[in-house]
Novice: 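The structure's right below; bear with me while I get my questions together.
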Amino acid sequence: MSGVAHPDAEVGEEARPRTEADHGWNVIVWNDEVNLMSYVVFVFQRVLGFDRPKATRHMLEVHQRGRSCVATASREKAELYWQQIQQYGLRVTLERAEPAA
Amino acid sequence: MIVLREKEGVLLRIERSLAEWLSEVLESLARRYGADFADLDPKTSTAWYWPKGVESAGGGRSADHEEMLRQAVALRGERIPLLKRWIAALEGSGDPATLRLSSAEAEVFVAGVNDHRLALAMRHGWMDTRLEPDLEKIADGTQRVALAEIHFLGAIVGEVLEAM
């Protein structure tokens with residue numbers, strides 16, 4: 001996660017308890033040059049339930065840093081976010097969350 | 001073209017010639033949404049189902065990767081009935097043509113129109129380079145038309161979002 005701040009929010013409820021080694025999954029949205037800024041803000045509001053300032057903050061992080069972690073959640077919930085975000089045409093990946101330092 | 005906010009959605013009023021062009025865009029989308037993944041043009045499949053994203057969602061397991069991809073393709077396919085209804089509405093109205101979208105439909109509309117933009121941009125290698133705002137700087141005619149489409153459809157997306 002070089003150059004990218006850790007998520008400022010953990011979205012969603014856990015579907016199953018985490019083990020010591022299971023810190024959840026990060027949902028990462030990546031930059032591209034085609035999706036409009038207003039469209040990305042709309043997708044974050046619609047899928048993740050962000051209010052406009054928070055959606056805008058994450059959109060700008062994507063734009064300026066190349067990626068933003070928009071949620072950390074259980075595997076099941078993270079897959080749901082992935083599926084919904086990719087349906088809107090944004091580049092999105094899942095990666096295992098690291099334990100907090 | 002005018003996009004108006006309505007009580008429970010948005011209304012698009014579109015000049016006849018633009019409506020015919022938008023119908024063709026929606027028909028093209030419906031065809032591709034209905035196609036098997038293997039039959040999609042590789043540029044389109046890369047734009048809509050970003051390989052790095054699909055691979056990550058599968059957690060490195062091939063079976064999961066294929067299942068996530070299958071679900072993603074099926075979900076886009078669910079948009080086809082709405083696309084067909086919009087095509088019929090555009091073709092069946094006068095000049096200007098009108099297209100009335102509920103709030104839920106407007107979300108599908110912008111996602112679909114945006115998909116067309118993404119596929120065009122991928123075809124011309126523009127996903128990761130700043131889109132040229134000045135069409136006159138594009139010498140190749142095919143590329144100039146594609147860029148004009150991307151910008152115009154982007155304007156439609158922006159206006160519908162604004163009206164939602």
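Quick note on labels: first sequence line is chain A, next is B, and so on, each numbered from 1.
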Novice: N114(B) versus Y88(A): any side-chain heavy-atom pair under 4.5 Å?
Specialist: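 Not in contact.
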
Novice: Working to the nearest 0.5 Å, report the span between CD of E55(B) and OG1 of T93(A).
Specialist: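 Result: 11.0 Å between the selected atoms.
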
Novice: Could you see if V73(B) belongs to whatever hydrophobic cluster contains V108(B)? Use Ile, Leu, Val, Met, Phe, Trp, Tyr and a side-chain cutoff under 4.5 Å.
Specialist: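 The answer is yes; both residues are in one hydrophobic cluster.
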
Novice: Kindly check if the number of other-residue, nucleotide or ligand heavy atoms within 6.0 Å of CZ (R52(A)) is above 12?
Specialist: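 No, the 6.0 Å shell around CZ holds no more than 12 heavy atoms from other groups.
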
Novice: For L161(B), is it the side chain, the backbone, both or neither that has a heavy atom under 4.5 Å from a heavy atom of chain A?
Specialist: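 Side chain only.
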
Novice: Which region of V34(A), side chain (C-beta onward) or backbone (N, CA, C, O), has a non-hydrogen atom less than 4.5 Å from a non-hydrogen atom of chain B, or is it both or neither?
Specialist: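 Backbone plus side chain of V34(A), per the 4.5 Å heavy-atom cut-off to chain B.
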
Novice: Heavy-atom distance under 4.5 Å to chain A: side chain of E162(B), backbone, both or neither?
Specialist: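 Neither part; nothing is under 4.5 Å.
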
Novice: Give the minimum heavy-atom separation between M122(B) and R91(A), together with the two atoms involved.
Specialist: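 The answer is CE-NH2, 4.2 Å.
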
Novice: Can you hop from F109(B) to I2(B) via hydrophobic side chains spaced under 4.5 Å?
Specialist: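 Different hydrophobic clusters.
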
Novice: What are the two closest heavy atoms between R76(B) and Q86(A), and how far apart are they?
Specialist: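 Looking at all heavy atoms of both residues, the closest pair is NH2-O, 3.1 Å.
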
Novice: May I ask whether I85(A) and L60(A) are part of the same hydrophobic cluster, defined by side-chain heavy atoms of I, L, V, M, F, W, Y residues being less than 4.5 angstrom apart, directly or through others?
Specialist: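 In one cluster: yes.
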
Novice: Under 4.5 Å between side-chain heavy atoms, counting indirect links through other Ile/Leu/Val/Met/Phe/Trp/Tyr residues: same cluster for V43(A) and L80(A) or not?
Specialist: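 As far as the 4.5 Å side-chain criterion goes, L80(A) and V43(A) are not connected within one cluster.
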
Novice: Please indicate whether H63(A) has more than 12 foreign heavy atoms, meaning atoms of other residues, nucleotides or ligands, lying under 6.0 Å from its NE2.
Specialist: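 Incorrect, the count does not exceed 12.
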
Novice: Nearest heavy-atom pair of S56(B) and L94(A): which atoms, and what distance?
Specialist: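 Heavy-atom minimum between the residues: OG-N, 2.9 Å.
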
Novice: Which atoms form the tightest heavy-atom contact between W126(B) and E33(A), and what is the distance?
Specialist: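 Heavy-atom minimum between the residues: O-CB, 4.1 Å.
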
Novice: If you round to the nearest 0.5 Å, how far is CZ of R46(A) from CD of E107(B)?
Specialist: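 The distance works out to 4.0 Å.
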
Novice: Can you tell which part of F42(A) gets under 4.5 Å to a heavy atom of chain B, answering side chain, backbone, both or neither?
Specialist: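 Answer is side chain: those atoms of F42(A) sit under 4.5 Å from chain B.
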
Novice: Are L11(B) and I87(B) co-members of a hydrophobic cluster defined by side-chain heavy atoms under 4.5 Å apart?
Specialist: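 The answer is no; the residues belong to distinct hydrophobic clusters.
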
Novice: Between V41(A), L36(A), V27(A), L90(A), which residue shows the highest count of heavy-atom pairs closer than 4.5 Å to chain B?
Specialist: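 The residue among V41(A), L36(A), V27(A), L90(A) with the greatest pair count is L36(A).
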
Novice: What's the separation between atom CD in Q87(A) and atom CH2 in W48(B), rounded to the nearest 0.5 Å?
Specialist: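 Taking CD in Q87(A) and CH2 in W48(B), the distance rounds to 10.5 Å.
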
Novice: Using 0.5 Å steps for rounding, measure from the CE atom of M127(B) to the CG atom of N31(A).
Specialist: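 Result: 9.5 Å between the selected atoms.
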
Novice: Measure distances from W50(B) to the heavy atoms of chain A and classify the residue's part below 4.5 Å as side chain, backbone, both or neither.
Specialist: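 For W50(B), side-chain heavy atoms alone lie under 4.5 Å from chain A.
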
Novice: Check whether any side-chain heavy atom of V54(B) lies under 4.5 Å from a side-chain heavy atom of W82(A), and answer yes or no.
Specialist: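 Heavy-atom side-chain distance check passes, below 4.5 Å.
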
